[in-house]
> 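Following this message is one structure expressed as structure tokens.
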Amino acid sequence: MAGPQSPSPQEPPVVAMRLSSLFLRTLREDPADAEVPSHRLLVRAGYIRRTSPGIYTWLPLGLRVLRNVERIVREEMDGIGAQEILFPALLPREPYDASGRWTDYGDNIFRLQDRKGNDYLLGPTHEEMFTLAVKDMFSSYKDLPLALYQIQIKYRDEARPRAGILRGREFVMKDSYSFDIDDAGLDVSYQAHRDAYVRIFDRLGFDYVIVQAMSGAMGGSRSEEFLATAVNGEDTYVHCPNCGYAANVEAVQVPTPEPIPYSGLPAAHVEDTPDTPTIDTLVASANAHHPRADGRAWTAADTLKNVIVMLVHPDGTREPLAIGLAGDREVDEKRLGAQVEPARVEAFEEKDFAAHPSLAKGYLGPGVLGSERPSGIRYLLDPRVVPGTAWITGADEHGRHVFDLVAGRDFTADGTIEAAEVRDGDACPSCGSALESARGIEMGHIFQLGRKYAEALGLQVLDEQGKLKTVTMGSYGVGCSRAVACIAEGNHDESGLIWPRNISPADVHVVATGKDEEVHAFAEELTGALEAVGVGVILDDRRAASPGVKFKDAELIGVPTIVVVGRGLADGTIEIKDRRSGERREVRTDSAVSEILAEIGRT
RNA sequence: CGGGGUGUGGCGCAGUUUGGUAGCGCGUCCGCUUUGGGAGCGGAAGGCCGCAGGUUCAAGUCCUGUCACCCCGACCA
């Protein structure tokens, strides 16, 4: 699937695909298991076939498209001096043990054993292998900087694969890694990759946005994602229309307000608030029985909600964690999960409350929360809960709350955490304007990995002073098979696919209608002439198929230019049709080749 | 992992309520006709009705168990 079999860019495919013999069967009806347009159409048009859940076979047309995506990626990687190699997909356990990912990846990794009972895995990404390969061969600062990449089939045992090849358990991904002696070098390597990615995604032809991201299970610092904008995307990101800031919702940093002086703030006081275990009941009770002095009504934003979750660390240990945030916001599980990775978040259950008698469910407060407090539970605050802010919060007794409890003065926590939901209208951390949210599909991810793997696997080189120095790495991925689905998502209509020219399985789809020998003879002649100048052709040379069938198939398959050889031939004309706009024009047969070349943007 | 749904020729589906010779459309094959928008007529091939038990003279249909798959959510690139 990867590199070696791919056509080189110097030799574009010039042998026409004839529908009379192409390994293709289009379907008139949508497959029952396909929901999203890309999945439906790629199966219907005969590009892919499902083999197993989340695992697909690439048929001739689909493979052409995938190869075209790979070609673009390859050209841009080569363009920044990255060198292509290819690791096995089947990998031994040891390197992943050394990095900790054998356990950190959990059930998402495909594991298997050989006949001797040795553990193996199907590679989800190859950080370890790249690191070890460099360690194996290079040992001097003079060998750096270095960038290596592969285009490889990856495996992740997704809990729920979906949407065809948009999110499968087996997928084709380009992953590359940079190796530098110092942080300055890493910055240069990172920027080179970033520039290459901009070129890749421009050439792939879909709308995308670059957002700040979390570095995820792989560790690291600077991190950006390339998201294809799509209303049905899986990832939520926010962007600022004023300054251009954009970030994955998991990575949004809430701007921290200035602390407020304590002077003049009333003292904290505990009040009876019976039957107020929820924020709504608390606000209602507070307004009814303990109205504010200034006449404004209490709102949920005046309350400090304390949520407890159970963290499950990779080694199985369970740790409760309390999060304090304004009562008008929910904890965003994705944001929380990203913060506590690689730990997993589970619910804090009744039995857990039973194990912590100091906790009064529904009336939790900072009086007992915190490592140094009676519960001993680590307590982290939303960054907006700055010193000087006053809150209504639980008094740690059933039916009682404390009012005017001031952060910093009356309570402290173990730190802050970015776990509160991000809402449209929240302040941009860069300029303070209102943020807007949108959806996208992650197509690429670049980040500064740092020394995590180099340290774990002992990748060091000698520096100018002859001293061993740990190498710093960058990691960069592009989902090639996902890109195929993503491009299909953005380029189709009711009739079928509409490929951008540079990734279409062919340049031209020639339809020969009818059974008239002259029509077929001319279609063959035209196809030969196009092949000769390097134009990729799909030729519908089926004698028995009716014109309607051929037109429908051409539209379904989605080659951007359709050439019809048929009834006009008697008058010396053929028809050139633009798949996307539907515009058609007749041209003289004697200028057919030059007209088609002009149509497809070649001269 | 929670919720919902579905397993019947290559694809899409009916049949299950009320047990009685396994059907329809598309696709495929043969013949004739047809050829500018998924053609017509005639003929044909192709199914352990997911799997395993059970009830019954008889099970696609009823009972028990089990497996698989799809969708929503959780999770994840």
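Below, all heavy atoms of this structure are taken into account, side chains as well, without hydrogens, waters or symmetry copies. Here the structure is a predicted model, which means the values were calculated and not measured. Sequence lines set the chain letters: A, B, ... in the order given, protein chains first and strands last, and positions in each chain run from 1.
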> If I pick the C1' atom on B:rA52 and the same atom on B:rG60, what distance separates them, to the nearest angstrom?
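So the two C1' atoms sit 16 Å from each other.
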
> Please list, in numerical order, the residues of residues 570-580 of chain A that have a heavy atom closer than 4.0 Å to any atom of RNA chain B.
A:Glu575, A:Lys577

> Would you sort out whether A:Arg580 and A:Asp578 count as a salt bridge (charged side-chain N to carboxylate O under 4.0 Å, His left out), showing the intermediate values?
CA-CA 6 Å; A:Arg580 191 176 294 271; A:Asp578 183 79; 5.9 Å; no

> Given that both distances must come in under 3.5 Å, which nucleotide forms a Watson-Crick or G-U wobble pair with B:rC29?
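Matched B:rC29 with B:rG43 under the 3.5 Å cut-off.
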
> Counting any heavy atom closer than 4.0 Å, what does A:Glu158 reach on the DNA or RNA strands: base, sugar-phosphate only, or nothing?
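Answer is base: heavy atoms of A:Glu158 come under 4.0 Å of a base.
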
> Do A:Ser437 and A:Thr236 have side-chain N/O donor and acceptor atoms under 3.5 Å apart?
no

> B:rC72 phosphate, OP1 or OP2: any side-chain N/O from A:Arg160 under 4.0 angstrom?
yes

> Any strand counts, and the cut-off is 3.5 Å on both contacts for Watson-Crick or G-U wobble. Which nucleotide pairs with B:rA59?
none

> Partner of B:rG73 by Watson-Crick or G-U wobble geometry, both contacts under 3.5 Å, or none?
B:rC1

> Could you tell me how far B:rC71 sits from B:rG10 if I compare only their C1' atoms? Round to whole Å.
24 Å

> With a 3.5 angstrom cut-off on both distances, give the Watson-Crick or G-U wobble partner of B:rU6, or none if there isn't one.
B:rA68

> Just call it for A:Gly168: base, sugar-phosphate, or nothing, with non-hydrogen atoms closer than 4.0 Å on any strand.
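Base, at least one base atom sits under 4.0 Å.
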
> Using Watson-Crick or G-U wobble geometry with both distances under 3.5 Å, which nucleotide pairs with B:rU35?
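Checking every strand shown, B:rU35 finds no partner, since no pair has both distances under 3.5 Å.
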
> Let me see the working for A:Met443 and A:Phe201 under side chain to side chain contact (heavy atoms under 4.5 Å, CB included), right down to the final yes or no.
CA-CA 9 Å; A:Met443 293 306 315; A:Phe201 291 109; 3.5 Å; yes

> For B:rA22, which nucleotide in any strand shown is its Watson-Crick or wobble partner with both distances under 3.5 Å?
none

> On the six-membered ring of A:Trp102, is A:Arg111 placed so that its NZ or CZ lies under 6.0 angstrom from the centre and within 45° of the ring axis?
yes

> In whole Å, measure the gap between the P atoms of B:rG27 and B:rG42 for me.
16 Å

> Expressed as a whole number of Å, how far does the C1' atom of B:rG9 sit from that of B:rG15?
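It comes out at 15 Å once rounded to the nearest Å.
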
